[in-house]
Protein chains: 2
Amino acid sequence: MATIKDVAERSGVAPSTVSYVLSGSRKISDETRGRVLEAVRELGYHPRASARTLRSSRSSVLALAVPREAGKYRAVDGRFAVEISDAARVHGFDVLLMTDPDGVRGLRRVAGSGLADAAVLMAVEEGDPRVRAMTAAGFPVALLGHGDARDETEVPWVDLDWEAAVALAVREAAAAGHRHIAFLSSAEHEITSRRGYALHGLAGARRAARQTGAEVTVRASSEDPGVAAARVRELLAAERPPTALVVQHLIPLPQVLAELSAGGVRLPEELAVVPVGTIPDESGLPELPRIDLPVSRMAAAVTGLALAAAEALPPSGGEPAESGPRHELFEPRMAAGVPIAPPRTPNAH
Amino acid sequence: MATIKDVAERSGVAPSTVSYVLSGSRKISDETRGRVLEAVRELGYHPRASARTLRSSRSSVLALAVPREAGKYRAVDGRFAVEISDAARVHGFDVLLMTDPDGVRGLRRVAGSGLADAAVLMAVEEGDPRVRAMTAAGFPVALLGHGDARDETEVPWVDLDWEAAVALAVREAAAAGHRHIAFLSSAEHEITSRRGYALHGLAGARRAARQTGAEVTVRASSEDPGVAAARVRELLAAERPPTALVVQHLIPLPQVLAELSAGGVRLPEELAVVPVGTIPDESGLPELPRIDLPVSRMAAAVTGLALAAAEALPPSGGEPAESGPRHELFEPRMAAGVPIAPPRTPNAH
DNA sequence: CCACCTCATCGAAACGATTCGACGAAGCGA
DNA sequence: TCGCTTCGTCGAATCGTTTCGATGAGGTGG
């Protein structure tokens with residue numbers, strides 16, 4: 001493998017000159033530059049990342065902490081990972097995938113060893129130990145999703161506005177003519193442990209109910225898809241059943257749909273189902289009207305925040321620039337393509 | 001940030017001694033070792049990855065080339081990425097995510113700069129330029145999936161045995177009593193460009209037809225989900241329609257199911273659908289009998305092959321060990337849980 | 001008592017880049 | 001013609017490890 005010294009010898013200059021040609025940080029005569037660049041091409045020279053990092057203490061690597069509890073994997077995480085990698089490349093950064101179930105240990109190692117300049121933490125939950133560990137270590141991070149607990153206000157984060165998202169779904173259903181709308185919210189344990197997105201979703205449903213005057217029946221979902229499906233069946237068995245169903249908890253959705261279908265419920269004529277927070281392009285679900293996550297934009301934003309935080313540290317360690325920690329809440333939109341079907345017997349107005 | 005020198009000073013030894021304590025590559029008295037380890041703990045010392053890599057020219061990083069054509073993203077890729085990261089961690093390796101649409105450029109950069117010691121290439125296609133580029137550069141790689149073209153026989157790879165997988169699906173359907181089975185194979189363009197998995201799938205269907213004596217009707221799928229769905233409708237409109245449908249091309253599956261359902265076809269009573277090659281745990285589809293990809297085992301295998309290839313190079317550059325390039329074809333199994341429903345009016349035997 | 005060996009530790013030389021100060025050669029005005 | 005500035009390039013120090021040979025203390029056998 002060619003080194004900078006080889007390039008220097010072949011082009012008859014000093015190694016430092018080669019470095020200046022490549023970095024452009026000092027003026028070099030056109031003639032010399034030409035010789036050097038030719039030698040670089042002939043030798044297929046690539047600077048060693050390790051030498052560069054050792055000298056400059058900047059790695060141009062962004063660590064990405066993917067949540068990994070008990071071997072579970074959510075499709076949305078993979079999608080975000082790829083999008084964040086794309087966004088990082090635009091800034092000249094590579095992405096290091098961290099899937100350690102003990103996220104704190106992996107992050108500490110990466111931060112301590114200088115493998116990465118900053119980290120994006122995915123799926124942060126209230127009081128997440130990873131956030132504390134990283135801020136304590138003074139390592140630049142940005143959070144993706146669910147981050148608005150008290151100790152997280154000093155750290156930049158990006159999230160979907162879940163309240164607005166659920167409210168939008170309910171309003172759109174109402175606009176399609178539905179007067180009785182069911183809302184399958186987050187799982188019980190997410191509500192009782194007061195996860196931000198769970199509470200926000202509930203608030204959004206209430207708000208939209210007030211605004212539209214539609215009747216909105218709320219049911220908590222469950223970790224067990226069978227239980228969730230049972231709750232939906234219950235709703236439909238009521239005397240005046242809902243004609244639309246807004247779903248925030250996506251995990252049991254396939255089974256809910258399957259059971260409804262098996263139970264003879266015609267979709268969407270008898271029940272218009274509107275999931276909230278799905279991945280665009282490939283949900284694996286039959287096509288439904290839905291509220292999509294703006295994955296690309298959120299990924300670009302959180303990457304930008306993480307890299308900005310990384311830049312803010314090195315120079316003199318002074319105040320982290322004046323822009324301070326930044327937060328970004330994304331407005332939901334309805335996915336284009338499939339409109340919400342009107343109820344079969346609309347309660348006309 | 002503490003360096004090895006700080007640790008040495010605090011424990012009253014030379015830096016080299018600290019290094020020997022940490023690496024264990026020379027014997028150090030228990031007393032000295034104790035003092036050093038204490039200093040390490042007190043200072044929270046982590047070796048700089050860059051310095052270590054510079055000196056040893058081993059980075060303990062595995063590059064992972066994720067296919068990324070035209071912004072498309074397949075859920076299965078994310079799943080493999082996470083599993084490969086898990087497998088790499090077991091060997092003390094981190095994973096660098098490469099999502100460059102021009103895979104060759106990104107890989108060249110990583111190989112040339114010494115950012116990684118080896119690479120796993122996902123979704124390799126016949127005559128993939130990435131494979132040529134990496135073997136030309138002498139960079140150790142292992143391939144995941146679809147790799148059995150001629151120039152790829154020298155490179156280790158791992159794949160699902162698609163012929164066996166489709167054959168298994170057909171045999172299981174036949175065993176459930178189905179005598180007329182449809183097979184929705186890969187998309188036309190995959191067949192005409194002779195992709196390995198496409199041809200193998202077709203061969204598997206033919207083989208199972210011979211073995212079971214069942215009638216197997218083959219239809220190519222299409223990139224356009226609407227076209228694929230139309231072909232399935234056509235099949236069902238035949239005089240003697242199939243009672244089971246084996247599907248290799250998963251992309252249009254949601255729409256196919258939706259249209260069947262909308263068209264009044266009762267699943268699985270009128271048509272038992274069996275997808276091949278889905279992701280376990282979270283397909284996003286309603287629960288169907290299916291042939292799953294053994295993602296974890298394939299990820300572990302391909303990771304092992306890539307790291308073995310990396311080890312084989314450094315020492316003297318001699319013959320790449322005696323084990324040579326290795327290939328591993330995985331046997332499919334039916335996912336547990338959902339059996340294939342028998343036909344409504346079984347052609348009893 | 002001396003030569004020799006083992007054992008634990010040390011010192012110094014890499015690894016390959018970046019970057020600061022220095023330095024010679026021109027160019028310029030006086 | 002002399003001193004001063006500008007321009008292009010060089011040399012050397014530095015980043016933090018690993019690892020090879022050296023070194024000195026202590027033990028052993030003849």
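Throughout, a chain's letter reflects where its sequence line sits, starting with A, and its residues are numbered from 1.
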Does [X] reach a base, just sugar-phosphate, or nothing at all? Heavy atoms under 4.0 Å.
X: G12(B); answer: sugar-phosphate
X: S19(B); answer: base
X: S56(B); answer: nothing
X: S29(A); answer: sugar-phosphate
X: V13(B); answer: sugar-phosphate

Quick note, side-chain hydrogen bond (donor to acceptor under 3.5 Å, both in side chains) partners involving residues 29-39 of chain B, not counting sequence neighbours, are S29(B)-T32(B), D30(B)-R33(B), E31(B)-R35(B)
message: Counting distance alone, no hydrogens or angles: does the base of dG16(C) have a donor or acceptor under 3.5 Å from a partner atom on the side chain of R52(B)?
response: no
Donor-acceptor pair under 3.5 Å, R48(A) side chain vs dA17(C) base: no
For [X] and [Y], which heavy atoms make the closest approach, and how far apart are they?
X: T53(B); Y: R58(B); result: OG1-O, 3.5 Å
X: S11(A); Y: V36(A); result: OG-CG2, 3.8 Å
X: D117(A); Y: F139(A); result: C-CZ, 3.7 Å

Of A51(B) and Y20(A), the one whose nearest nucleotide on DNA chain C sits closer to the 5' end is A51(B)
Chain B vs DNA chain D, heavy-atom contacts under 4.0 Å, first-to-last nucleotide span, 5' to 3', is dG16(D) to dA22(D)
Separation of dG16(C) atom P from E9(A) atom CD, nearest Å, is 13 Å
R58(B) atom CZ is separated from dC15(C) atom C1', nearest whole Å, by 15 Å
Side-chain atoms of A14(B) come closest, of dC15(C), dG11(C), dA17(C), to dG11(C)
